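A short write-up of the structure that comes next.
The figures here come from the full heavy-atom set of this structure, side chains too, leaving out hydrogens, waters and symmetry mates. All values derive from a computational prediction rather than experimental measurement.
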Amino acid sequence: MKIETFETSGALGDRPATVVYAAPPFHAMLAVVPATCFVGALLTDLVYWRSAEMMWADFSAWLVSTGVVLGWLFLIVGLIEIAARPSHRRREGIWAYLIGNLVVLVFATLNMLVHTRDAWTSVVPWGLILSAATVVSLIGTASFGWTMIYRPRPGVTVQ
(Lines give C-alpha, C1' and ligand atoms only; values in the text may rest on other atoms or scores of the structure.)
Protein backbone atom coordinates (compact mmCIF):
# COMPACT_ATOMS: atom_id res chain seq x y z
CA MET A 1 0.00 0.00 0.00
CA LYS A 2 1.42 3.35 -1.03
CA ILE A 3 0.73 6.35 1.18
CA GLU A 4 1.35 9.85 -0.09
CA THR A 5 1.82 12.73 2.32
CA PHE A 6 1.53 16.35 1.31
CA GLU A 7 2.55 19.16 3.64
CA THR A 8 1.71 22.79 3.23
CA SER A 9 2.77 25.60 5.49
CA GLY A 10 0.57 28.45 6.52
CA ALA A 11 -2.71 26.73 5.68
CA LEU A 12 -3.84 26.61 9.31
CA GLY A 13 -1.91 29.51 10.75
CA ASP A 14 1.41 28.56 12.37
CA ARG A 15 1.04 24.81 11.97
CA PRO A 16 1.54 22.95 8.68
CA ALA A 17 -1.43 21.01 7.37
CA THR A 18 -0.83 17.37 6.53
CA VAL A 19 -3.12 15.31 4.35
CA VAL A 20 -2.40 11.62 4.01
CA TYR A 21 -4.01 9.56 1.24
CA ALA A 22 -3.95 5.79 1.62
CA ALA A 23 -4.65 3.26 -1.08
CA PRO A 24 -8.38 2.80 -1.62
CA PRO A 25 -10.07 -0.26 -0.12
CA PHE A 26 -9.66 -3.42 -2.17
CA HIS A 27 -13.31 -4.47 -1.88
CA ALA A 28 -14.42 -1.24 -3.56
CA MET A 29 -12.71 -2.37 -6.75
CA LEU A 30 -14.33 -5.80 -6.55
CA ALA A 31 -17.84 -4.45 -5.92
CA VAL A 32 -18.09 -3.18 -9.50
CA VAL A 33 -18.84 -6.67 -10.81
CA PRO A 34 -21.97 -7.42 -8.72
CA ALA A 35 -23.17 -3.84 -9.18
CA THR A 36 -22.97 -4.27 -12.95
CA CYS A 37 -24.88 -7.56 -12.69
CA PHE A 38 -27.66 -5.94 -10.64
CA VAL A 39 -28.06 -3.04 -13.08
CA GLY A 40 -28.02 -5.49 -15.98
CA ALA A 41 -30.70 -7.59 -14.26
CA LEU A 42 -32.93 -4.52 -13.94
CA LEU A 43 -32.44 -3.68 -17.61
CA THR A 44 -33.19 -7.24 -18.78
CA ASP A 45 -36.24 -7.35 -16.47
CA LEU A 46 -37.55 -4.19 -18.13
CA VAL A 47 -36.96 -5.65 -21.59
CA TYR A 48 -38.72 -8.89 -20.62
CA TRP A 49 -41.66 -6.95 -19.16
CA ARG A 50 -42.11 -5.12 -22.48
CA SER A 51 -41.40 -8.02 -24.86
CA ALA A 52 -42.27 -11.26 -22.95
CA GLU A 53 -39.41 -13.10 -24.67
CA MET A 54 -38.15 -15.83 -22.35
CA MET A 55 -34.50 -15.21 -23.20
CA TRP A 56 -34.58 -11.93 -21.22
CA ALA A 57 -35.97 -13.61 -18.12
CA ASP A 58 -33.16 -16.16 -18.34
CA PHE A 59 -30.57 -13.38 -18.65
CA SER A 60 -32.06 -11.68 -15.60
CA ALA A 61 -31.90 -14.87 -13.56
CA TRP A 62 -28.26 -15.45 -14.47
CA LEU A 63 -27.25 -11.84 -13.85
CA VAL A 64 -28.93 -11.58 -10.47
CA SER A 65 -27.57 -14.97 -9.38
CA THR A 66 -24.02 -14.04 -10.39
CA GLY A 67 -24.34 -10.69 -8.65
CA VAL A 68 -25.61 -12.28 -5.44
CA VAL A 69 -22.89 -14.93 -5.25
CA LEU A 70 -20.11 -12.44 -5.99
CA GLY A 71 -21.72 -9.77 -3.80
CA TRP A 72 -21.71 -11.99 -0.71
CA LEU A 73 -18.15 -13.09 -1.48
CA PHE A 74 -16.98 -9.49 -1.81
CA LEU A 75 -18.85 -8.47 1.35
CA ILE A 76 -16.80 -11.09 3.18
CA VAL A 77 -13.63 -9.62 1.62
CA GLY A 78 -14.77 -6.17 2.82
CA LEU A 79 -15.33 -7.45 6.37
CA ILE A 80 -11.87 -9.01 6.38
CA GLU A 81 -10.42 -5.75 5.13
CA ILE A 82 -12.22 -3.78 7.85
CA ALA A 83 -10.92 -6.22 10.46
CA ALA A 84 -7.36 -6.10 9.09
CA ARG A 85 -7.10 -2.32 8.64
CA PRO A 86 -7.94 -0.37 11.80
CA SER A 87 -7.99 2.87 9.81
CA HIS A 88 -11.13 1.62 8.02
CA ARG A 89 -12.89 0.91 11.32
CA ARG A 90 -12.26 4.49 12.42
CA ARG A 91 -13.82 6.01 9.30
CA GLU A 92 -16.94 8.00 9.96
CA GLY A 93 -19.94 6.16 8.54
CA ILE A 94 -18.30 2.78 7.90
CA TRP A 95 -21.01 0.88 9.77
CA ALA A 96 -23.81 2.66 7.88
CA TYR A 97 -21.99 1.77 4.65
CA LEU A 98 -21.79 -1.87 5.75
CA ILE A 99 -25.49 -1.97 6.65
CA GLY A 100 -26.35 -0.36 3.30
CA ASN A 101 -24.43 -3.09 1.49
CA LEU A 102 -26.27 -5.73 3.53
CA VAL A 103 -29.60 -4.19 2.49
CA VAL A 104 -28.54 -4.33 -1.17
CA LEU A 105 -27.60 -8.00 -0.83
CA VAL A 106 -30.82 -8.90 0.99
CA PHE A 107 -32.89 -7.30 -1.80
CA ALA A 108 -30.76 -9.06 -4.40
CA THR A 109 -30.99 -12.43 -2.65
CA LEU A 110 -34.79 -12.15 -2.47
CA ASN A 111 -34.75 -11.16 -6.13
CA MET A 112 -32.69 -14.23 -6.98
CA LEU A 113 -35.27 -16.44 -5.23
CA VAL A 114 -38.12 -14.75 -7.11
CA HIS A 115 -36.29 -15.26 -10.41
CA THR A 116 -36.28 -19.05 -9.85
CA ARG A 117 -39.95 -19.13 -10.84
CA ASP A 118 -41.05 -19.83 -14.38
CA ALA A 119 -41.65 -17.25 -17.09
CA TRP A 120 -43.87 -14.23 -16.40
CA THR A 121 -44.11 -14.69 -12.60
CA SER A 122 -40.32 -14.63 -12.29
CA VAL A 123 -40.21 -11.00 -13.40
CA VAL A 124 -43.62 -9.36 -13.13
CA PRO A 125 -44.28 -7.74 -10.69
CA TRP A 126 -41.98 -8.82 -7.82
CA GLY A 127 -38.82 -9.50 -9.81
CA LEU A 128 -39.04 -6.08 -11.39
CA ILE A 129 -39.80 -4.37 -8.07
CA LEU A 130 -36.92 -6.12 -6.30
CA SER A 131 -34.53 -5.35 -9.17
CA ALA A 132 -35.45 -1.67 -8.95
CA ALA A 133 -35.14 -1.67 -5.14
CA THR A 134 -31.73 -3.32 -5.41
CA VAL A 135 -30.44 -0.76 -7.91
CA VAL A 136 -31.85 2.23 -5.99
CA SER A 137 -30.32 1.05 -2.70
CA LEU A 138 -27.10 0.23 -4.56
CA ILE A 139 -26.89 3.77 -5.93
CA GLY A 140 -27.39 5.20 -2.43
CA THR A 141 -24.82 2.92 -0.85
CA ALA A 142 -22.27 3.42 -3.63
CA SER A 143 -22.54 7.20 -3.51
CA PHE A 144 -22.24 7.17 0.28
CA GLY A 145 -19.21 4.87 0.06
CA TRP A 146 -17.56 7.01 -2.60
CA THR A 147 -18.07 10.13 -0.49
CA MET A 148 -16.73 8.40 2.60
CA ILE A 149 -13.67 6.89 0.95
CA TYR A 150 -12.52 9.12 -1.89
CA ARG A 151 -13.45 12.70 -0.99
CA PRO A 152 -10.44 14.31 0.70
CA ARG A 153 -11.09 16.52 3.68
CA PRO A 154 -8.67 19.45 4.12
CA GLY A 155 -6.73 19.38 7.36
CA VAL A 156 -7.76 15.79 8.15
CA THR A 157 -5.44 12.81 8.12
CA VAL A 158 -7.06 9.75 6.53
CA GLN A 159 -5.07 6.52 6.40
Whichever hydrophobic residues join Ile76 through chains of side-chain contacts under 4.5 Å: Ile80
Reported NE2-to-CG distance for the pair His115 and Leu130, which is rounded to 0.5 angstrom: 8.5 Å
Any side-chain heavy-atom pair of Val104 and Thr134 under 4.5 Å: yes
Within one Ile-Leu-Val-Met-Phe-Trp-Tyr cluster: Leu63 and Val106, side-chain cutoff 4.5 Å: no
Contact check, side chains of Leu105 and Val68, non-hydrogen atoms, under 4.5 Å: no
Step-by-step side chain to side chain contact (heavy atoms under 4.5 Å, CB included) determination, Phe74 to Val32: CA-CA 10 Å; Phe74 298 155; Val32 173; over 6 Å; no
Those residues that, when tested against Phe59, pass ring pair (Phe, Tyr, Trp, His ring centres under 6.0 Å) (two or more places apart): Trp56
Closest heavy-atom pair and its distance - Phe144, Gly93: CE2-O, 3.2 Å
Within 6.0 Å of CH2 in Trp49, more than 12 heavy atoms from elsewhere: no
OG1 on Thr36 to CG on Leu70, rounded to 0.5 Å: 10.5 Å
Within-4.5 Å side-chain heavy-atom neighbours: Tyr48 and Leu128: no
Cluster overlap Phe107 with Val136, hydrophobic side-chain contacts below 4.5 Å: no
Non-hydrogen atoms of Pro34 and Gly67 that approach each other most closely: CB-O, 3.4 Å
Connected via hydrophobic side-chain network under 4.5 Å: Trp120 and Ile129: no
Spacing of Thr44 atom OG1 and Leu42 atom CG [to the nearest 0.5 Å]: 8.0 Å
Heavy-atom pair with the smallest gap, counting every atom of Ala108 and Val64: O-CG2, 3.8 Å
Full working for side chain to side chain contact (heavy atoms under 4.5 Å, CB included) between Val103 and Thr141: CA-CA 9 Å; Val103 168; Thr141 302; over 6 Å; no
Considering all heavy atoms, the nearest Val39-Val135 contact: CA-CG2, 4.0 Å
Trace of the side chain to side chain contact (heavy atoms under 4.5 Å, CB included) decision for Phe38 with Ser131: CA-CA 7 Å; Phe38 297 147; Ser131 288; over 6 Å; no
Donor + acceptor pair across side chains of Thr121, Trp126 (<3.5 Å): no
Donor-acceptor pair, side chain of Ser65 and main chain of Trp62, under 3.5 angstrom: no
Joint hydrophobic cluster, Met55 plus Val124, side-chain heavy atoms closer than 4.5 Å: yes
Euclidean distance, Ser143 OG relative to Leu138 CG, rounded to 0.5 Å: 9.5 Å
Residues Asp45, Ser60; criterion side chain to side chain donor-acceptor pair (under 3.5 Å); working and verdict: CA-CA 6 Å; Asp45 280 349; Ser60 291; 2.6 Å; yes
Separation of Leu98 CG from Leu75 CG (nearest 0.5 Å): 6.0 Å
